[in-house]
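Heavy atoms only: backbone and side chains are in, while hydrogens, waters and symmetry mates are out.
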Amino acid sequence: MKIYFKHYSGAITEYDYLFFDCMAEVGSLEEDEALAEGWLPDDYHLPKHGKKADWYQARQTRIDLIAFEDDRRTKKARKKCKDVTVKEFSANTVDLDILNNIFKKYIEYRNFKNWDLEPLIELEKERKYFLLYYYEDKPVAFTFMRDVGTDSVFSTQFAWDYENSKLYLGKYANLAEIDYCIRREKRYMYLGMGYEETCKYKADYKGFEFWNGEFWSPDVEHYKWLCERDSKIKHTKDLDEIKEHDDKNFFLT
């Protein structure tokens with residue numbers, strides 16, 4: 001595994017901070033080790049070598065599927081979406097027009113910056129697949145997933161047209177993804193980065209863990225506290241205070 005850094009900016013006068021991406025080129029036989037150390041593939045950016053996605057380091061999240069079980073909240077989400085059907089497609093058989101139609105509405109509803117979905121699909125295409133969600137026989141949402149390692153799945157992207165917001169499809173989609181992974185006897189389902197309050201929901205499932213930079217932690221309360229703190233950061237100097245606090249209270253080395 002070759003690790004490299006993209007150094008963008010920093011400060012050393014009034015306060016200390018470094019702004020960079022930590023990336024890696026991961027070989028096929030190294031993926032399980034990389035996952036165990038908090039890395040995930042970054043399909044959103046095409047690597048210069050153009051063959052495989054490079055991997056990135058972050059506060060990653062995952063669900064240990066052995067520990068997962070339904071509770072009151074998950075049963076409620078399933079009941080609300082009892083009329084939703086789920087169909088599975090490979091990246092080679094899925095209808096791109098359907099995906100793009102849903103994705104365009106999703107981008108507009110969430111007021112996100114527009115970007116092209118198709119390059120995300122092309123890299124390592126044989127490892128990627130989709131769950132399409134149908135309501136009243138109409139495709140209304142999709143989950144984009146990909147295999148990682150020998151026994152894991154990365155849920156890369158969810159999109160919903162929001163034409164019927166009362167469906168609460170986001171929560172149900174997480175459960176459909178979990179069901180898919182369990183049927184295929186996977187050990188972990190990775191959910192991507194966990195930052196700011198918008199990502200607190202990822203900890204709502206039994207078996208949740210997050211990468212704290214040193215180990216995979218099951219501490220749900222700490223994770224949610226970190227997400228809340230992320231959303232309170234307003235100034236660069238806040239980062240210096242956070243670093244000092246966490247180095248003293250949380251990190252082991």
Side-chain angles (χ1 to χ4, degrees), residues 6 20-24 26 31-47 52-65 67-68 91 99 102-103 106-107 110 112-113 115-117 119-121 123-124 127-131 133 141-149 151-160 169-182 186-220 222-224 226-231:
K6 295 180 179 179
F20 60 87
D21 281 340
C22 183
M23 309 292 291
V26 178
E31 290 190 0
D32 287 333
E33 179 183 359
L35 291 168
E37 296 296 327
W39 299 85
L40 276 179
D42 183 6
D43 285 315
Y44 291 90
H45 295 92
L46 297 178
K52 286 191 64 178
D54 286 342
W55 292 45
Y56 69 102
Q57 182 70 213
R59 187 195 296 158
Q60 310 288 12
T61 62
R62 72 183 185 185
I63 297 173
D64 182 345
L65 298 169
F68 173 79
L99 297 184
I102 294 171
F103 197 63
Y106 169 76
I107 290 289
R110 299 296 297 271
F112 288 159
K113 181 180 178 180
W115 52 275
D116 189 0
L117 183 65
L120 185 66
I121 301 171
L123 200 63
E124 298 179 79
R127 308 182 72 181
K128 298 176 179 178
Y129 39 91
F130 292 83
L131 302 182
Y133 306 89
F142 68 82
T143 299
F144 173 33
M145 308 176 79
R146 64 116 76 212
D147 288 325
V148 284
D151 62 353
S152 301
V153 168
F154 178 18
S155 177
T156 308
Q157 178 70 54
F158 171 73
W160 174 18
L169 261 177
K171 294 180 180 179
Y172 177 73
N174 288 143
L175 297 172
E177 295 158 15
I178 291 170
D179 292 344
Y180 177 93
C181 294
I182 290 176
K186 301 294 185 179
R187 173 61 191 273
Y188 294 107
M189 188 178 85
Y190 289 82
L191 305 173
M193 294 183 289
Y195 294 105
E196 301 182 294
E197 291 206 38
T198 189
C199 288
K200 285 174 64 176
Y201 78 92
K202 296 182 179 183
D204 288 342
Y205 305 96
K206 292 184 179 180
F208 172 83
E209 298 174 336
F210 75 98
W211 177 250
N212 67 5
E214 295 181 322
F215 58 88
W216 285 97
S217 171
D219 190 338
V220 169
H222 185 209
Y223 169 78
K224 291 186 175 181
L226 288 170
C227 289
E228 291 169 358
R229 186 178 69 175
D230 294 336
S231 292

Participant: Given side chains that start at C-beta, do those of Asn174 and Tyr201 come closer than 4.5 Å, heavy atoms only?
Facilitator: yes
Participant: What closest approach, in Å, do Leu131 and Ala176 show between heavy atoms, and which atom pair accounts for it?
Facilitator: CD1-O, 3.9 Å
Participant: If you draw the axis of the six-membered ring of Trp211, does the NZ or CZ of Arg59 fall within 45° of it and under 6.0 Å from the ring centre?
Facilitator: no
Participant: Evaluate side chain to side chain contact (heavy atoms under 4.5 Å, CB included) for Gln157 paired with Phe103, printing each intermediate quantity in order.
Facilitator: CA-CA 10 Å; Gln157 178 70 54; Phe103 197 63; 4.2 Å; yes
Participant: Given Glu209 and Tyr223, is the side chain to side chain donor-acceptor pair (under 3.5 Å) satisfied, shown in steps?
Facilitator: CA-CA 9 Å; Glu209 298 174 336; Tyr223 169 78; over 6 Å; no
Participant: Would you mind reporting whether Asp42 and Asp54 have side-chain heavy atoms less than 4.5 Å apart?
Facilitator: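 No. Closest side-chain heavy atoms not under 4.5 Å.
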Participant: Just wondering, are more than 12 heavy atoms of other shown residues or ligands nearer than 6.0 Å to CD in Glu228?
Facilitator: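 Yes, because the 6.0 Å sphere around CD of Glu228 holds more than 12 heavy atoms from other groups.
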Participant: Ser155 and Glu177: side chain to side chain donor-acceptor pair (under 3.5 Å), yes or no, with the steps?
Facilitator: CA-CA 8 Å; Ser155 177; Glu177 295 158 15; 3.0 Å; yes
Participant: Taking all non-hydrogen atoms of both residues into account, name the closest pair between Met23 and Trp39 and its distance.
Facilitator: C-CZ3, 3.6 Å
Participant: Nearest 0.5 Å please: distance from the CE atom of Met189 over to the CD1 atom of Ile63.
Facilitator: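 It is 4.5 Å, given to the nearest 0.5 Å.
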Participant: Shortest non-hydrogen contact from Val153 to Cys181?
Facilitator: CB-SG, 3.6 Å
Participant: Walk me through whether Asp204 and Lys224 qualify under salt bridge (charged side-chain N to carboxylate O under 4.0 Å, His left out).
Facilitator: CA-CA 10 Å; Asp204 288 342; Lys224 291 186 175 181; 3.3 Å; yes
Participant: Is atom NE2 of His222 surrounded by more than 12 heavy atoms (other residues, nucleotides or ligands) closer than 6.0 Å?
Facilitator: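 Yes - once you tally the heavy atoms of other residues, nucleotides and ligands closer than 6.0 Å, there are more than 12.
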Participant: Is there a donor-acceptor contact under 3.5 Å from the side chain of Ser231 to the main chain of Glu196?
Facilitator: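 Such a contact is absent between Ser231 side chain and Glu196 backbone.
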Participant: Hydrogens and angles aside, do Thr143 and Tyr133 bring a side-chain donor and acceptor to less than 3.5 Å of each other?
Facilitator: yes
Participant: Tell me yes or no: between the side chains of Asp147 and Tyr129, is some donor less than 3.5 Å from an acceptor?
Facilitator: yes
Participant: Would you say the side chain of Phe208 lies within less than 4.5 Å of the side chain of Val220, judging by non-hydrogen atoms?
Facilitator: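 They are in side-chain contact.
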Participant: On the 0 to 90° scale, with breaks at 30° and 60°, tag the Tyr106-Phe112 ring pair as parallel, tilted or perpendicular.
Facilitator: perpendicular
Participant: So Tyr205 and Ile178, do their side chains get closer than 4.5 Å, heavy atoms only?
Facilitator: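 Yes; the side chains approach each other to less than 4.5 Å.
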Participant: Tell me, with the steps shown, if Tyr56 and Asp21 meet side chain to side chain donor-acceptor pair (under 3.5 Å).
Facilitator: CA-CA 7 Å; Tyr56 69 102; Asp21 281 340; over 6 Å; no
Participant: List the steps and the verdict of side chain to side chain contact (heavy atoms under 4.5 Å, CB included) for Phe130 and Ile121.
Facilitator: CA-CA 10 Å; Phe130 292 83; Ile121 301 171; 3.7 Å; yes
Participant: Can you confirm if the NZ or CZ of Arg146 lies within 45° of the ring axis of Phe154 and under 6.0 Å from the centre of its six-membered ring?
Facilitator: no
Participant: Could you report the tightest heavy-atom contact between Ala67 and Gly207, atom names first, then the distance?
Facilitator: CB-CA, 3.7 Å
Participant: Side-chain contact test, heavy atoms from C-beta onward, threshold under 4.5 Å: evaluate it for Thr156 versus Tyr44 and give yes or no.
Facilitator: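 Of all side-chain heavy-atom pairs linking Tyr44 with Thr156, at least one is under 4.5 Å.
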Participant: Do you know the tightest heavy-atom contact between Ile102 and Ala159?
Facilitator: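 Heavy atoms of Ile102 and Ala159 come nearest at CG2-O, 3.8 Å.
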Participant: Looking at Lys200, I'd like to know if its NZ atom is crowded, meaning that more than 12 non-hydrogen atoms belonging to other residues, nucleotides or ligands lie closer than 6.0 Å.
Facilitator: yes
Participant: Checking Lys128 side chain against Leu123 main chain: does a donor-acceptor pair fall under 3.5 Å?
Facilitator: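 Yes, the answer is positive, given that a donor and an acceptor are paired below the 3.5 Å cut-off.
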Participant: Do Glu31 and Ser152 have side chains that approach each other closer than 4.5 Å (heavy atoms only, starting at C-beta)?
Facilitator: no
Participant: Find out whether Asp64 and Trp216 are in side-chain contact, i.e. whether some heavy atom of one side chain is under 4.5 Å from a heavy atom of the other.
Facilitator: no
Participant: Working to the nearest 0.5 angstrom, can you tell me the gap between Tyr188 OH and Thr61 OG1?
Facilitator: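 Those atoms lie 13.5 Å apart.
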Participant: If you take all heavy atoms of Arg62 and Leu35, which pair is closest and at what distance?
Facilitator: NH1-O, 4.4 Å
Participant: Would you say Phe142 and Trp160 make side-chain contact, with heavy atoms under 4.5 Å?
Facilitator: no
Participant: Donor-acceptor pair, distance only, cut-off 3.5 Å: does the side chain of Lys52 make one with the backbone of Val26?
Facilitator: yes
Participant: Let me see the working for Phe158 and Leu169 under side chain to side chain contact (heavy atoms under 4.5 Å, CB included), right down to the final yes or no.
Facilitator: CA-CA 10 Å; Phe158 171 73; Leu169 261 177; 4.3 Å; yes
